[in-house]
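Here is the structure we will look at, set down as structure tokens.
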Amino acid sequence: VQLQASGGGLVQAGGSLRLSCAARGTFFSINAMGWYRQAPGKQRELVARITSDASTNYADSVKGRFTISRDNAKNMVYLQMNSLKPEDTAVYYCNAVANTVVRGLRHDYEYWGQGTQVTVSS
């Protein structure tokens, strides 16, 4: 399973960006999908997560500004980021839990995308 993220970039404070992530490969289902971020010198943190039945949860710091959504038919997850702040600057990583077979064992496995840089200037 490969996750391909796109949509990062440079934006001024108050602006918006939309991240997209596509899950490719062979799997039975994609369960939870989400976005994490890691700023320089900081640990990776959860930004938003969405389950297969569209239940969502967000980091307190992004509630009311970011919206996560998914298209199950396309195996894609999106993160709409509005009212961006300089403290949102980080590398954003797509994450997914896929039910698939690895080395003959069918199970839920966690996968990560390559990361996309989001920079918010003040």
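In the displayed structure, Arg49 atom CZ is contacted under 6.0 Å by at most 12 heavy atoms of other residues, nucleotides or ligands.
Through side-chain heavy atoms spaced under 4.5 Å, either directly or across other Ile, Leu, Val, Met, Phe, Trp or Tyr residues, Tyr78 is tied to Met76.
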Evaluate the side-chain contact (heavy atoms from CB on, under 4.5 Å) criterion for residues Tyr58 and Thr67: first the C-alpha distance (whole Å), next the side-chain angles of each, then the deciding distance (0.1 Å), finally the verdict. CA-CA 9 Å; Tyr58 295 90; Thr67 302; 3.9 Å; yes
Given the rule in the side-chain contact (heavy atoms from CB on, under 4.5 Å) test, do Val11 and Thr119 qualify, once you have shown the distances and angles that lead to the verdict? CA-CA 6 Å; Val11 65; Thr119 302; over 6 Å; no
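Using a 4.5 Å cut-off on side-chain heavy atoms (C-beta onward), Asp88 and Arg37 make contact. Here the side chains of Arg70 and Ser52 are in contact, with some heavy-atom distance below 4.5 Å. For the pair Leu17 and Leu84, the minimum side-chain heavy-atom distance is below 4.5 Å. When side chains are defined from C-beta on, Arg18 does not count as touching Met81, because their heavy atoms never get closer than 4.5 Å. The side-chain heavy atoms of Trp112 and Cys94, taken from C-beta on, include no pair separated by under 4.5 Å. At least one side-chain heavy atom of Asn75 sits less than 4.5 Å from a side-chain heavy atom of Phe27.
Closest approach of Met33 to Ala23, counting heavy atoms only: CE-CB, 4.4 Å. Of all heavy-atom pairs spanning Gln117 and Ala90, the tightest one is NE2-O, 3.4 Å. Closest approach of Ser122 to Ala13, counting heavy atoms only: CA-CB, 4.4 Å. Taking each heavy atom of Leu46 and Ala59 in turn, the nearest pair found is O-CB, 3.4 Å. The two atoms that bring Trp35 and Ser20 nearest to each other are CH2-O, 3.5 Å, heavy atoms only. Between Ala96 and Ile30 the shortest heavy-atom distance is CB-CG2, 4.3 Å.
Looking at Thr89 and Glu87, their side chains never bring a donor and an acceptor atom within 3.5 Å of each other. Between the side chains of Ser55 and Asp53, no donor-acceptor pair is found at a separation under 3.5 Å.
Of the residues listed (Ile68, Leu19, Leu79), the one engaging Val47 in a side-chain contact (heavy atoms from CB on, under 4.5 Å) is Leu79, and it is the only one.
Cluster membership check: Val1 shares its hydrophobic cluster with Tyr109, using side-chain heavy-atom separations under 4.5 Å among Ile, Leu, Val, Met, Phe, Trp and Tyr.
Counting only residues at least two apart or on different chains, the side chain to side chain donor-acceptor pair (under 3.5 Å) pairs with a member in residues 93-105 are Asn95-Glu110, Asn99-Arg106, Asn99-Asp108.
Summarising the geometry, atom CZ belonging to Arg65 is positioned 7.0 Å from atom OG belonging to Ser83; distances are rounded to the nearest 0.5 Å.
Listed by chain and number, the residues in a salt bridge (Lys or Arg N to Asp or Glu O under 4.0 Å) with Lys63 are Asp60 (sequence neighbours excluded).
Between Phe66 and Tyr92, the ring planes lie tilted relative to each other; the angle falls in the 30° to 60° range.
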